[in-house]
Amino acid sequence: NRMRQTIEGWKRQEPGKLFTDLTLSDTLGQVKKLSDYVGKGKYVLVDFWASWCGPCRRAMPELKRTYEQYKDKGLDIVGVSFDTDKKAWTKAINTLGLPWHHLSDLKGWQCVASEVYGIMSIPATLLIGPDGTIVMGNADHDTLQKKLAELMP
């Protein structure tokens, strides 16, 4: 049942819960896991987006500023794309100049991220702590900024 699956996904985003791993490929087709980046002592912001998503693209300049501001204090970003077209996905990464990790299974809305975390709309984010526990699910940029300022003064 799709609704139950979505609710289960939302529960996986609850603060204090241990993150649920995802297996996706990077832009070179190498299979990666979210755990390759998460639980390694950094805060990891998982950014769910897609090249065809206007609001996602409009949010990128702000996200890039956030990354620049906090990357040396211990923030990492993993972009998880809801794309189906690899060319469009990699072109958007290059055009927008997104310097962080990028993963996708190129399955669009059927992707594992949608399934596991119940992501029903993008852009969406998930902030995971250095120990792999969820700090915050789907916050708007201002809330995220406040949280990061608190966590990494």
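Predicted model only: the values in this text are computed from it and were never measured.
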*Assess whether atom NZ of Lys91 is packed by more than 12 heavy atoms of other residues, nucleotides or ligands within 6.0 Å.*
no
Q: For the residue pair Thr90 and His102, confirm or rule out a side-chain donor-acceptor distance under 3.5 Å.
A: no
Rounding to 0.5 Å, atoms CD (Gln145) and CZ (Arg65) come to a distance of 9.0 Å
What do you reckon, is NZ of Lys107 surrounded by more than 12 foreign heavy atoms closer than 6.0 Å? no
Measure from the side-chain N and O atoms of Asp36 to the backbone N and O of Lys33, and report whether any donor-acceptor pair falls under 3.5 Å. yes
Which of parallel (below 30°), tilted (30 to 60°) and perpendicular (above 60°) describes Trp52 and Trp109? tilted
Correct closest heavy-atom pair for Pro123 and Pro55 would be CD-CB, 3.8 Å
OG (Ser104) and CZ (Phe82) are apart, to the nearest 0.5 Å, by 9.0 Å
- Query: Would you find a donor on one side and an acceptor on the other, under 3.5 Å apart, between the side chain of Thr66 and the backbone of Glu62?
  - Reply: yes
Notebook entry, point to check: Salt bridge or not for Lys147 and Glu150, using N-O below 4.0 Å?
Noted result: yes
Nearest heavy-atom contact between Asp105 and Cys111 is OD1-CB, 3.0 Å
**Side-chain donor/acceptor of Gln13 to backbone N/O of Tyr117, under 3.5 Å** = yes
query: Are the charged groups of Glu8 and Lys11 less than 4.0 angstrom apart, N to O?
result: yes
Cys53 and Ile122 have their tightest heavy-atom pair at SG-O, 3.8 Å
* So if you build clusters from Ile, Leu, Val, Met, Phe, Trp, Tyr with side-chain heavy-atom gaps below 4.5 Å, do Ile134 and Trp10 land together? -> no
Students should find that the hydrophobic cluster of Ile77, defined by side-chain heavy atoms under 4.5 Å apart, otherwise consists of Tyr43, Leu45, Trp49, Met60, Leu63, Tyr67, Tyr70, Leu75, Trp89, Ile93, Leu96, Leu98, Trp100, Leu106, Leu127, Val135, Met136, Leu144, Leu148, Leu151, Met152
Note: Thr20 and Arg12 closest approach over all heavy atoms is OG1-CD, 3.2 Å
Worksheet item: Can you check whether Ser51 reaches Arg57 side chain to side chain, under 4.5 Å on heavy atoms?
Response: yes
> Got a donor-acceptor contact below 3.5 angstrom from the Tyr37 side chain to the Lys42 backbone?
Replying inline: no
Heavy atoms of Leu18 and Gly132 approach each other most closely as CD1-O, 3.4 Å
All heavy atoms of Ser25 vs all of Val31, minimum pair found to be OG-CG2, 4.1 Å
ring-ring contact (aromatic ring centres under 6.0 Å, His included) filter on Phe19, not counting sequence neighbours, yields none
Taken to the nearest 0.5 Å, the spacing of Gln30 CD from Leu24 CG works out to 13.5 Å
- If you draw a 6.0 Å radius around CD in Gln69, do more than 12 non-hydrogen atoms from other residues or ligands fall strictly inside? yes
Mind running side-chain contact (heavy atoms from CB on, under 4.5 Å) on Leu103 and Val78 for me, showing each step along the way?
CA-CA 7 Å; Leu103 304 175; Val78 177; 3.7 Å; yes
Discussion item. Treating Asp76 as the side-chain partner and Val44 as the backbone partner, does any N or O pair qualify as donor plus acceptor under 3.5 Å?
Written reply: no
For residues 121-131, the side chain to side chain donor-acceptor pair (under 3.5 Å) pairs (sequence neighbours left out) are Asp131-Thr133
